[in-house]
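Working notes for the structure below.
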Amino acid sequence: MPDPLAPDLPPTGALERACLTALPAPRQAWDGPFVLKAFLGGTGRANACCSLDPALDPELADRIARIEALYHRLGLISRFRSTPLDPPGLGAALEARGYAEEKAESLVNCGPLAPVARADAAVRDEDGPSEAWMGLVATAEYQTPARRAEKLGNKDLLAVPCAWLVLREEGVDAACLAAVTDGPFCGIFDLATRAEFRRRGLGARIIGAAADWARGLGAQWLYAQVASDNLASCALQARLGMREAYRYRYYVKPAPG
């Protein structure tokens, strides 16, 4: 059935499942329509729960309380990822329990993969989050110990193909990203370019190489998650034919004390 938010793109539910597969966690549980993930508290998606069914949930209040207690028992912030698949009233119910919105709203952008795919001899696959790949990621975002440990642990948790790509330019490892395929979908994550190489088209080149790799595995759609205020990444993805499929935000509540 076409998605009412973006009828010519894959359904929100299918993209959400691909995102969940691409960012695994060692601890996972279900409570009704909510899937709960717990890792080390470093990244949002691997330490949050989200609904995969937007139907009315008569047990919502009790369910929120149970989920919150589980995260706090694990020593983690209770974090809900709010998407168009929320049951009615989720946001209001969370706010009533003292949850606050965390950071800016984020987009899931998606577009056809084939027009983007382009082999690039300057791009190599590190076959894991190598020192070179991790060093490039650190040029674009602050790496807390927990966040770094989660990225290093992803290879052992993933059950689908992943490529940790590095683009070398002028004798320097200049850009990186991780690409994860899951059936018809390829997700791109952790795109980073060294400051001195920015605005030279390296982001588009390494995404093209990721799309070429994924096309060889049968992928047809390219998707990415990006903060709505990350204007540079949003513009790059738009130039590559990717557009908004839906939005999400996090609601968080720290453990008492």
Side-chain angles (χ1 to χ4, degrees), residues 2-3 6 8-26 28 35 37 39 43 45-46 50 52 106-130 132-134 136-137 150-169 173-193 201-226 233 236-246:
D3 194 305
D8 54 342
L9 292 179
T12 298
L15 282 167
E16 270 295 280
R17 285 171 174 81
C19 292
L20 289 165
T21 298
L23 295 165
Q28 181 170 305
V35 57
K37 290 193 166 193
F39 205 166
T43 53
R45 178 62 74 100
C50 63
L52 292 175
S106 292
L107 315 178
V108 176
N109 290 332
C110 184
L113 181 143
V116 178
R118 185 169 290 107
D120 193 321
V123 176
R124 70 180 188 274
D125 183 358
E126 292 288 88
D127 192 35
S130 66
W133 188 89
M134 290 292 294
L136 282 162
V137 171
E150 287 183 1
K151 291 186 188 299
L152 288 170
N154 273 354
K155 182 178 181 180
D156 292 332
L157 296 174
L158 280 161
V160 294
C162 183
W164 287 264
L165 302 182
V166 171
L167 189 160
R168 194 164 180 84
E169 183 81 353
D173 289 342
C176 75
L177 64 70
V180 183
T181 61
D182 181 12
F185 301 110
C186 173
I188 52 175
F189 304 90
D190 294 310
L191 175 63
T193 303
L202 270 62
R205 279 179 57 190
I206 198 168
I207 291 173
D212 182 68
W213 167 81
R215 179 172 57 179
L217 295 171
Q220 302 166 5
W221 294 98
L222 193 65
Y223 73 89
Q225 300 172 108
V226 59
S233 289
L236 170 59
Q237 291 169 21
R239 290 197 298 273
L240 295 175
M242 301 170 69
R243 57 191 183 80
E244 182 181 331
Y246 59 98

Between atom CG of D120 and atom CG of D212, what is the distance when rounded to the nearest 0.5 Å? 9.5 Å

Test side chain to side chain contact (heavy atoms under 4.5 Å, CB included) on Y223 and C19; report intermediate values, then the result. CA-CA 9 Å; Y223 73 89; C19 292; 3.5 Å; yes

Would a 4.5 Å heavy-atom cut-off, applied to side chains only, mark L9 and R243 as touching? yes

Across all chains, not counting sequence neighbours, the side chain to side chain donor-acceptor pair (under 3.5 Å) partners of R45 are Q225

Do V226 and N109 come close enough that some side-chain heavy atom pair is under 4.5 Å? yes

Could you tell me the separation between the CG atom of L191 and the CD atom of Q237, rounded to the nearest 0.5 Å? 8.0 Å

Summary of salt bridge (charged side-chain N to carboxylate O under 4.0 Å, His left out) pairs that have at least one residue in residues 181-192, sequence neighbours excluded: K151-D190

Nearest 0.5 Å, please: how far is OG in S106 from OH in Y246? 11.0 Å

Roughly how far, to the nearest 0.5 Å, is CD1 of I206 from CG of L177? 4.5 Å

For the side chain of E150 and the backbone of T43, is there at least one donor-acceptor N/O pair under 3.5 Å apart? yes

V123 versus W213: any side-chain heavy-atom pair under 4.5 Å? no

Strictly distance-based, threshold 3.5 Å: is any side-chain N or O of R215 a donor or acceptor partner for the main-chain N or O of A211? no

Got more than 12 heavy atoms from elsewhere within 6.0 Å of CZ, R118? no

Is the shortest side-chain heavy-atom distance between P184 and P10 below 4.5 Å? no

List, one per line, each side-chain donor-acceptor pair under 3.5 Å for residues 154-163, sequence neighbours excluded.
unit_1: K155; atom_1: NZ; unit_2: D127; atom_2: O; d: 2.6

